[in-house]
Undergrad: 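Okay, handing you the structure first.
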Amino acid sequence: MSDTTARRSPLMTVDSDGIAWITFADPTRRMNVLDEDVMARLADHVDAIADREDEIRAVVFWSGKSDSFIAGADIEAIGDLEGPEDAEEKSRLGQAIFLQVEQLPVPTICAVHGVCLGGGVELALACRYRVASTHEKTKFGLPEVQLGLLPGWGGTTRLPRLVGLQSALDLILTGKNIPASRAKRIGLVSNTFPPEGFRESVREFAREAVELPRGASRPTRSLRDRLLEGNPIGRGIVFRTARSNVMDKTGGNYPAPLKILEVLRATFPGDLETAFAREANAFGELAATSVHRHLLHLFHLREGAKKLPDITVDPSPIDRLGVLGAGVMGGGVAQLAAAKGLEVRMRDIRDDAVTGGLAHARSLFRKRVERKRMTRAEADRKMESIVGGLDLHLVANVDLLVEAVVERMDVKKQVLAEVEGVMREDAVITTNTSSLSVEEMSEALEHPDRFCGLHFFNPVHRMPLIEIIRTSRTSERTIATTHALALRLGKIPVICEDGPGFLVNRILGPYLNEAGHLLSEGVSIEAIDEVAVDFGMPMGPIRLLDEVGIDIARHAGETLHEAFGERMAPSPALVALEGSERLGKKNGHGFYRYEDGREKGIDESVYREIGGGPRVEADPAEIRRRLILVMVNEAVRILEQGIVRSAGAVDLGMIMGTGFPPFRGGLLRFADEQHPRLLLQRLEELEERHGARFEPAPMLVRAAEQNRLLYDLFPDDTSGR
Ligand SMILES: NC(=O)c1ccc[n+]([C@@H]2O[C@H](COP(=O)([O-])OP(=O)(O)OC[C@H]3O[C@@H](n4cnc5c(N)ncnc54)[C@H](O)[C@@H]3O)[C@@H](O)[C@H]2O)c1
């Protein structure tokens, strides 16, 4: 075989039983992708099969990769779509090829082992039969909605006709992945086989399929589902419920799920031709939305964060993780690491803290078992991989250590020096500090090159971001190793230089403080929080203060004030709460009231404590401007100072670390869309009214003067920084 033929995917071979095997195995990519070439070759094979009808008795589509089937369409090509007509046309082309597959006169079998996403599922849906391996890597999903699109190669149309409306909506509207067992339960696949001997099982299945009458693959659905979905009234209920769920979850800010519902409402059940046309047209419309572009941008930022192009050394292997401090963060880090298959050694100086840390980890595993994410046996096994204790030597032989003791520089320095003395020379040491200088801390170490910050967010198992903080002495190997660890823990790493608040907390600080200023001026809590939620934030800043803890937020604010002076001076409202019993959600007593951790409305008595008079009306546009601009301005200063290098890194950090609305593409993407010139003008107005905290960052002034965008001035490299 020549080189070019070797690279061709899919390949077709016909075996002695007359079964054509169409094998997707692109050696140039880690996973198979349905790009233009692959689709064209697929179409050629399908044509050839139609011509060899008497010789070929069945067709199997499958993958030559060891742990994946097809990862979907080519994301680059999605980015290259030129407007709605082009997108609709590409959707029609894909549909046409899969229609050819569907119309083949012989049985077609899609045999899925490993990940099967997007276009991969749509190919499977066009086949007469779908079978899957029971391997844990076998997963089905239609992630298009996460890019602001819909499955446009027939998936939106075919899936509900195969598995029923409710199961289809559950997949298409969320983009989630399901394992083979669930795919079988809903009727997406008819048979599952063990991964060992999968190919043999598929061959056997194909031989039998040749003998079966057409249409034998229809799954049976429950009577309840058939009754509900089999008439217009029942379907109306399903659609209304789905729409209200979408509105609850997205606030109507994402057009794709609403469009999916609109398309299905209009075309299901009904003739395929009309449905395909509507599907393609909707795909075109969605591809032209700004939300799609923003979500695609976010996808690229996330992919970029997985790479470290500037670093040439390999990461050291990490099998055993040490954790110092078994508190909220230590317990959380230990559980996450164990869940991802690492051995964990957790040390605290208090016996009750060790017990508490282990109990915290155990309760997180229990929740996973309750949610059927893990079997009890697996959870028990993972829990056993965490060893807790008081002896410092417990962490002597770990590959990487996370220090998560109390937030005091003197304690941290002392603890780090002590632990370095017992650890292996080649081990990496990290601190989870959220506000102290990592550079200063590194002075306590003999070998500061092996040290950096590894800032997890709370709660560790849920928050996707990790900030890796580099000091002037951190080695490349240390960065490569912590970066690899972050990825292994399923997190998104953003690399920052040292500086107060690093990236995310430094931007959140002035935002929360501005909410405090608004409160001091007499604006009501609901008016402030409502504006932020309407903008798309997961919760308002005042609610967030309660979540973080009013005392903790004050402390963090103080650090920023010390570092940056007047522009971070704490708002009178927050100063007034200094030393008060009002700590936030953790003691049920914050700006809001809480019972058993549940929010029970605003606590009006807080207004007396912060010394405000009656609440005043405020223009929501003005509130929004202040809250957002103060963040943009700080973000630009962060870039100026080189804490992170690219506007994309700021946006990734804010989306993953604070839930900044993904549909807006990020804080600075939003700023660019408004344009630096307009933002400068607004900041100057605000500075006049409110003083130095709105003084425009010099680089924003420059951007406005040069008529340039922030993404232009601080472009992405591919490291996601
Ligand atoms: N809680 C958060 O939201 C959050 C978020 C990000 C980062 N952090 C950072 O993580 C670190 C820990 O925070 P936390 O909230 O888990 O605190 P915590 O008070 O819950 O836990 C700290 C633990 O460290 C233990 N400890 C003290 N000295 C020790 C020593 N010499 N050796 C071993 N253990 C020792 C204490 O006994 C305690 O159990 C801090 O640096 C904090 O700034 C916290």
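Side chains are part of it too, since the values below use all heavy atoms of this structure and drop only hydrogens, waters and symmetry mates. No experiment lies behind these values; they were computed from the predicted model shown. Whatever order the structure lists ligands and atoms in, that order sets their numbers, starting from 1.
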Undergrad: Within the 3.5 Å criterion, strictly below it, is a donor on Thr474 or Thr471 matched to an acceptor on the partner's side chain?
TA: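 Indeed, the side chains of Thr474 and Thr471 share at least one donor-acceptor pair under 3.5 Å.
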Undergrad: Taking side chain to side chain contact (heavy atoms under 4.5 Å, CB included) as the test, write out the residues that go with Arg381, two or more places apart.
TA: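 Expected list: Glu378.
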Undergrad: List the residues meeting side chain to side chain contact (heavy atoms under 4.5 Å, CB included) with Asn177, not counting sequence neighbours, and say none if there are none.
TA: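 Side chain to side chain contact (heavy atoms under 4.5 Å, CB included) check on Asn177 returns Leu117, Lys139.
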Undergrad: According to side chain to side chain contact (heavy atoms under 4.5 Å, CB included), who are the partners of Lys249, at least two apart in sequence or on a separate chain?
TA: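 Partners of Lys249 by the side chain to side chain contact (heavy atoms under 4.5 Å, CB included) criterion come out as none, since no residue qualifies.
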Undergrad: Distance under 4.0 Å, heavy atoms only, partner ligand 1: which residues pass?
TA: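 Under the 4.0 Å cut-off, ligand 1 touches Gly325, Gly327, Val328, Met329, Arg347, Asp348, Ile349, Arg350, Ala353, Ala404, Val405, Val406, Glu407, Lys412, Val415, Asn432, Thr433, Ser434, His455, Phe456, Asn458.
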Undergrad: Side chains of Ser605 and Arg582: is there a donor and an acceptor less than 3.5 Å apart?
TA: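 Yes, side-chain donor-acceptor contact under 3.5 Å.
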Undergrad: Checking Arg664 against Phe535: charged group under 6.0 Å from the ring centre and within 45 degrees of the axis?
TA: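 Geometry flag: set, cation within 6.0 Å and 45°.
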